[in-house]
There are 2 protein chains.
Amino acid sequence: MGTKIFIVDDHYMVIEGIRSLLQSEKSVEWMGHAMNAASCLAFLQQQLPDVILMDISMPDKSGIDLCREVKERYPSVFIIGLSTFNQQSFIQKMMDNGASGYLLKNATQEELMEGINTVMKGKTYLSGEAAQVLRKNGTGNTPVLTRREKEVLELIAEGMTNNEIAQKLFISITTVDTHRKNLLAKLEAKNTASLIRMAAQMQLI
Amino acid sequence: MGTKIFIVDDHYMVIEGIRSLLQSEKSVEWMGHAMNAASCLAFLQQQLPDVILMDISMPDKSGIDLCREVKERYPSVFIIGLSTFNQQSFIQKMMDNGASGYLLKNATQEELMEGINTVMKGKTYLSGEAAQVLRKNGTGNTPVLTRREKEVLELIAEGMTNNEIAQKLFISITTVDTHRKNLLAKLEAKNTASLIRMAAQMQLI
DNA sequence: GTAAATATCCTGTTTTTCCGGGATTAAAAA
DNA sequence: TTTTTAATCCCGGAAAAACAGGATATTTAC
C-alpha cells in the first residue's frame, strides 16, 4: 500500500502538474485534491491521508493558518508546504506551524518524491532553495517583535502619528515613542521610511 | 494543423499541469517548454510558436522584460501572461509590453483554451479575475509617477533624508520637498509611513 | 527566587517632515 | 502657438520624528 497523498492548492494547473508527476509512482496513492481550506477540512473529516501538499496561498484562508488547524486536529498527518516564491518568512511560518517540509513549485519530480518519502519517515524536508533561504538567516534576519511592537508597527504603517497611536492603544505618547525606537533598532532602520520598507519586505505588514 | 504552443515557466509542476491539460486537446500542438528567459530566446531562434504562455517570474529575467523583448523580435507571436497572483501592476505591465492576454494559474482548462483561441484571433483575453482587477482601477489606482518622482521615492525608501537626497541628485532640498509633496498627493498618503507602504503595495519599490 | 524580557512612563533637544503658500524655466502635447 | 506637464527653486511655521538617557512595574523563563 502506497503513501496516501492529498493536495490543497487553488491553482488547477499545479494540481494537474503534481498529479501528472505522481502518476507514474507506484508508491504513492492519489487521494484527491481541494482548492480551498474549507473543502480541505471537509475532506479530512471523511478520510485521512498520510501526507498533505499544501499551498500557502488560498482564497479563503492562508495555508499558514490552515496548516496549524490541520495539525491541531490531525497531528499524525504530515504537511509539506508549497509555494512559488522562496519567501523566508512564509517558509519559516509554515515550519513553525507544524509543517514537516517545504517545496518550491519549481521542484523536480525527484525532489517531490524525496520530500514525500523523507517526511513519511518523520524527518524534515526542505527543497534545495528553501533550505538555503532558511539557513542564510536562521531567524537572524527577521527580528522577533513583541506583541505590542507589531501593533505599533501596523498602526505606523497605516499612517498614524505617535499621538494617534497612543490614543488608540490607551498608552502614553512616550511609550509609543519607545516602541518606535525599538522597532527602528530591531529592523536596523534609520527612519520611518526604511522601517516601513523593511517591514514590507519581511512581510510584517 | 493545430495552434503551436510554447511555455516559459520556471515551475516544473505548472509546465506539467498545462501539458496535462492540453494533452487531450486536438487543436493545440505542444512545442515544448523553457524554464528561463535565455533558453526561451534560444528556442525562438529555431522555431516560432503561435502562442507563448509566459510566467512573470523567472530566475534570470522578469517575464515583463522577456515579453517586451520577444514582441520586439517576433511581433507575430501572441503572448499570454501567467502568474499566481492577480497583482494589478504585473498584469498592467505585461499588457503594456505587448501581451495579448493574461491567465491566473488557477485558471480552468476551459479558460486556458478560451484564452488560447481568443488571442489567436488577434483579440485580447483576460481570465475572469484578471479582468476584474484591471477594470477596478483602469490605471486609476496606480498613479503615474514622473522619472524624478520615482527616483526620489526610491531614495526615500532607502532611508535618506531630503538633505541627503538633494546632495545625491544635485538639486535643492526644497525641490526634493516638492517632489515629496507630489508623491504624498499622488499616492494619497498622509505621511512617509503610509507613502512607503502604498509604494510597496503597488510594487513601486 | 532571580534574571531577563516586556511594557510602561518621563524630560529635553535636535532634526526632519509636513503644509501652505508661492515662482520660473524647459520641454512636450494640443 | 498656446497650454500643460515636469523639474526646478524659495520662505516660514507647525507638527512630528529621532536621539540621548534615563526610570519603574510586571511578566516570563530559567
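Predicted, not measured: the structure shown is a model, and the values here were computed from it. Order of the sequence lines fixes the chain letters, A, B, ..., with proteins taken first and strands second; residue numbering starts at 1 for each chain. What you see below is based on every heavy atom in this structure, not just the backbone, and it leaves out hydrogens, waters and symmetry mates.
- Put simply, the side chain of A:Glu158 never gets that close to the backbone of A:Leu155: no donor and acceptor are under 3.5 Å apart.
- D:dA16 atom P lies 18 Å from atom CG of A:Leu195, rounded to whole Å.
- Salt bridge present: B:Arg73 and B:Glu69 bring a charged side-chain N and a carboxylate O closer than 4.0 Å.
- In this structure, CD1 of B:Ile165 is placed 11 Å from P of C:dT16, rounded to the nearest angstrom.
- Protein atom CZ of A:Arg180 is 20 Å distant from nucleotide atom P of C:dT6, rounded to whole Å.
- Taking atom CD1 of residue A:Ile196 and atom C1' of nucleotide D:dA16, one finds them 15 Å apart after rounding to whole Å.
- Regarding B:Leu183, its CG atom lies at a distance of 13 Å from the P atom of C:dC19, rounded to whole Å.
- Ionic pairing of A:Lys190 and B:Glu164 is present here: one or more N-O contacts between side-chain nitrogen and carboxylate oxygen are shorter than 4.0 angstrom.
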Find every protein N or O atom lying less than 3.5 Å from an N or O atom of nucleotides 4-10 of chain D, and list the pairs.
from   : atom 1 : to       : atom 2 : distance (Å)
D:dA7  : OP1    : B:Arg147 : NH1    : 3.4
D:dA7  : OP1    : B:Arg148 : N      : 3.4
D:dA7  : OP2    : B:Thr146 : OG1    : 2.3
D:dT8  : OP1    : B:Arg148 : NE     : 3.1
D:dT8  : OP1    : B:Arg148 : NH2    : 2.9
D:dT8  : OP2    : B:Arg148 : NE     : 3.0
D:dT8  : OP2    : B:His179 : NE2    : 3.0
D:dC9  : OP2    : B:Ser172 : N      : 2.5
D:dC9  : OP2    : B:Thr175 : OG1    : 2.7
D:dC9  : O5'    : B:Thr175 : OG1    : 3.4
D:dC9  : N4     : B:Thr178 : OG1    : 2.8
D:dC10 : OP2    : B:Ser172 : OG     : 2.9

Side chain to side chain donor-acceptor pair (under 3.5 Å) assessment of A:Thr174 paired with A:Asp177: CA-CA 5 Å; A:Thr174 62; A:Asp177 189 56; over 6 Å; no
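- Proximity of B:Asn191 to the phosphate of C:dC18: no side-chain N or O atom is located under 4.0 Å from OP1 or OP2.
- Atom-to-atom, NZ of A:Lys150 to P of C:dA5 comes out at 17 Å; the value is rounded to the nearest Å.
- Of the possible donor and acceptor atoms, none in the side chain of A:Asn106 sits under 3.5 Å from a partner among the backbone N and O of B:Tyr12.
- Computed from coordinates, the A:Ile156 CD1 to C:dT17 C1' distance equals 15 Å when rounded to whole Å.
- When each of B:Val70, B:Ile80, B:Leu82, B:Ile64 is tested with B:Met54 by the rule side-chain contact (heavy atoms from CB on, under 4.5 Å), just one qualifies, namely B:Val70.
- The distance between atom CG of A:Asn163 and atom P of C:dC9, rounded to the nearest whole Å, is 13 Å.
- The shortest distance between the side-chain N/O atoms of B:Asn162 and the OP1/OP2 oxygens of C:dT16 is not below 4.0 Å.
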